[in-house]
Participant: 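Following this message is one structure expressed as structure tokens.
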Amino acid sequence: FTEEESLEALRTLCESVAPSMATKMQGYAKDAEMVCKRVVNEQGTEMFDAVSLGEDTDLFCKEAKLCDLGHKAMMKVTGKYAEFLAEQQQEDKQKKEAEL
């Protein structure tokens with residue numbers, strides 16, 4: 001694959017993952033897709049270079065000033081937030097069932 005083909009594949013991936021990410025983060029799918037594609041367009045080449053050189057990509061997000069946390073820490077926070085939302089939905093469901 002060429003670099004452009006790889007970037008296009010990442011942009012397509014943004015389109016498919018944005019709706020579920022937006023739902024989990026209680027946001028809008030188009031906004032999530034836009035941010036994802038922006039990151040791919042602005043940082044994709046550097047990400048490929050880092051992976052090609054065998055660099056530790058855990059800190060890429062932080063070093064690129066895309067986020068305050070490294071990738072692993074960011075994913076852990078995102079996971080915890082998703083768990084929190086799932087618990088809230090379960091509690092809301094239980095409350096509604098109790099009201100019936």
Side-chain angles (χ1 to χ4, degrees):
F1 294 101
T2 67
E3 186 174 299
E4 187 55 41
E5 289 172 328
S6 299
L7 290 171
E8 188 57 36
L10 287 176
R11 288 184 206 102
T12 301
L13 181 64
C14 288
E15 294 170 9
S16 64
V17 301
S20 63
M21 285 298 292
T23 299
K24 290 176 184 167
M25 301 300 285
Q26 295 183 337
Y28 297 101
K30 281 295 180 189
D31 290 343
E33 181 181 335
M34 180 184 64
V35 170
C36 181
K37 286 182 176 180
R38 189 181 111 230
V39 170
V40 169
N41 290 335
E42 293 177 4
Q43 304 295 328
T45 302
E46 288 82 8
M47 288 188 276
F48 289 141
D49 291 345
V51 170
S52 296
L53 295 172
E55 294 179 9
D56 180 9
T57 56
D58 180 49
L59 296 177
F60 184 85
C61 179
K62 185 175 182 176
E63 290 173 355
K65 295 182 174 63
L66 296 171
C67 56
D68 294 332
L69 305 170
H71 179 71
K72 288 179 185 174
M74 183 178 68
M75 293 310 294
K76 187 175 182 178
V77 168
T78 302
K80 292 293 183 186
Y81 185 65
E83 288 175 18
F84 168 77
L85 291 177
E87 289 173 9
Q88 290 294 327
Q89 289 174 345
Q90 183 65 25
E91 288 175 12
D92 290 346
K93 182 180 176 181
Q94 289 172 348
K95 286 178 184 176
K96 287 180 182 178
E97 288 174 355
E99 291 174 356
L100 297 177

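Index from 1, following the sequence.
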Participant: What pairs with Glu3 under salt bridge (charged side-chain N to carboxylate O under 4.0 Å, His left out), at least two apart in sequence or on another chain?
Facilitator: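 Here no residue qualifies.
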Participant: State which residues pass side-chain contact (heavy atoms from CB on, under 4.5 Å) with Glu5; sequence neighbours excluded, sorted by chain then number.
Facilitator: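 Checked Glu5 against side-chain contact (heavy atoms from CB on, under 4.5 Å); matches are Phe1, Thr2.
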Participant: side-chain contact (heavy atoms from CB on, under 4.5 Å) with Ser16: which residues, sequence neighbours excluded?
Facilitator: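 side-chain contact (heavy atoms from CB on, under 4.5 Å) list for Ser16, sorted by chain: Leu13.
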Participant: If the condition is side-chain hydrogen bond (donor to acceptor under 3.5 Å, both in side chains), which residues does Asp31 pass it with, not counting sequence neighbours?
Facilitator: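 Listed in chain order: nothing, the list is empty.
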Participant: Cut-off 3.5 Å, no hydrogens considered: what does the side-chain donor-acceptor table look like for residues 91-100, sequence neighbours left out?
Facilitator:
none

Participant: Around Phe48, counting heavy atoms of other residues, nucleotides and ligands shown, do more than 12 lie under 6.0 Å from its CZ?
Facilitator: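 Enclosed.
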Participant: Hey, what do you get for NZ (Lys24) to CD (Glu83), rounding to the nearest 0.5 Å?
Facilitator: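 Result: 11.5 Å between the selected atoms.
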Participant: For residues Val17 and Val40: do they belong to one hydrophobic cluster (side chain heavy atoms under 4.5 Å, members Ile, Leu, Val, Met, Phe, Trp, Tyr)?
Facilitator: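 In one cluster: yes.
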Participant: Could you check if a side-chain atom of Arg11 sits within less than 4.5 angstrom of a side-chain atom of Asn41, using non-hydrogen atoms only?
Facilitator: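 Counting from C-beta outward, Arg11 and Asn41 do come under 4.5 Å.
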Participant: Name all residues meeting the side-chain hydrogen bond (donor to acceptor under 3.5 Å, both in side chains) criterion together with Glu15; count only those two or more places apart in sequence or in a different chain, and write none if there are none.
Facilitator: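 Checked Glu15 against side-chain hydrogen bond (donor to acceptor under 3.5 Å, both in side chains); matches are Lys37.
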Participant: Got a sec, which residues hit side-chain contact (heavy atoms from CB on, under 4.5 Å) with Thr12, two or more places apart in sequence or on another chain?
Facilitator: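 side-chain contact (heavy atoms from CB on, under 4.5 Å) check on Thr12 returns Glu8.
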Participant: Could I get the full list of side-chain contact (heavy atoms from CB on, under 4.5 Å) partners for Cys36, not counting sequence neighbours?
Facilitator: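 Result, side-chain contact (heavy atoms from CB on, under 4.5 Å) vs Cys36: Cys14.
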Participant: What residues form a salt bridge (charged side-chain N to carboxylate O under 4.0 Å, His left out) with Glu87, not counting sequence neighbours?
Facilitator: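 In terms of salt bridge (charged side-chain N to carboxylate O under 4.0 Å, His left out), with neighbours along the sequence ignored, Glu87 is linked to no residue.
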